[in-house]
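Read the structure below first, then the notes.
Predicted, not measured: the structure shown is a model, and the values here were computed from it.
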Amino acid sequence: MTEEKQPHKAPSPTRGDPSPWAVAGLGMQFFVALIAFVYAGNWLDARVGTSPVFLFAGVFVGGGGSFYLSYRRLMRTAYPEDKPPTASRDGSVGQ
């Protein structure tokens with residue numbers, strides 16, 4: 001008796017799991033935003049004459065802003081129709 005083997009299908013992402021391509025896109029978004037803000041900060045430092053001030057500002061604004069947007073997008077993927085659970089003052093987690 002021979003058994004017919006079914007081709008293996010990759011499981012589809014469930015509600016809380018973002019696709020790997022979406023996560024790779026978030027990584028690229030983070031990288032491009034960081035590089036763009038560092039470049040802009042370096043250019044502004046050369047124009048104004050303040051050596052590392054705007055460069056550091058570009059690192060923090062680019063990295064922090066991109067991290068915040070990535071976090072929001074991942075939370076929207078994990079909780080598409082409702083709000084993410086929040087902690088109340090007594091420490092319990094609820095809506």
Side-chain angles (χ1 to χ4, degrees):
M1 300 175 110
T2 61
E3 293 182 22
E4 292 183 33
K5 292 190 174 187
Q6 298 288 332
H8 178 69
K9 292 184 181 178
S12 62
T14 60
R15 177 183 143 170
D17 295 334
S19 73
W21 291 109
V23 175
L26 290 176
M28 284 302 295
Q29 173 187 334
F30 184 82
F31 175 74
V32 169
L34 189 62
I35 293 300
F37 275 93
V38 164
Y39 179 76
N42 195 23
W43 177 80
L44 198 57
D45 276 334
R47 296 282 275 178
V48 177
T50 57
S51 182
V53 174
F54 289 111
L55 177 70
F56 287 142
V59 168
F60 288 116
V61 169
S66 186
F67 179 81
Y68 175 72
L69 291 176
S70 298
Y71 174 78
R72 285 193 52 186
R73 186 176 298 170
L74 285 173
M75 288 297 108
R76 188 175 12 165
T77 302
Y79 304 100
E81 60 269 340
D82 55 8
K83 296 179 184 176
T86 57
S88 63
R89 290 183 183 244
D90 63 353
S92 63
V93 175
Q95 293 290 337

Would you please name every residue forming a side-chain contact (heavy atoms from CB on, under 4.5 Å) with I35, sequence neighbours left out?
F31
Enumerate the residue pairs fulfilling side chain to side chain donor-acceptor pair (under 3.5 Å) with a member in residues 55-64, sequence neighbours excluded, ordered by first and then second residue.
none
Please table the atom pairs, donor to acceptor, closer than 3.5 Å between any side-chain atom in residues 43-61 and protein atoms at least two apart or in another chain.
| unit_1 | atom_1 | unit_2 | atom_2 | d |
| --- | --- | --- | --- | --- |
| D45 | OD1 | T50 | OG1 | 3.0 |
| D45 | OD1 | F54 | N | 3.0 |
| D45 | OD2 | F54 | N | 3.3 |
| D45 | OD2 | L55 | N | 2.9 |

Of L34, V32, L26, which meets side-chain contact (heavy atoms from CB on, under 4.5 Å) against F30?
L34
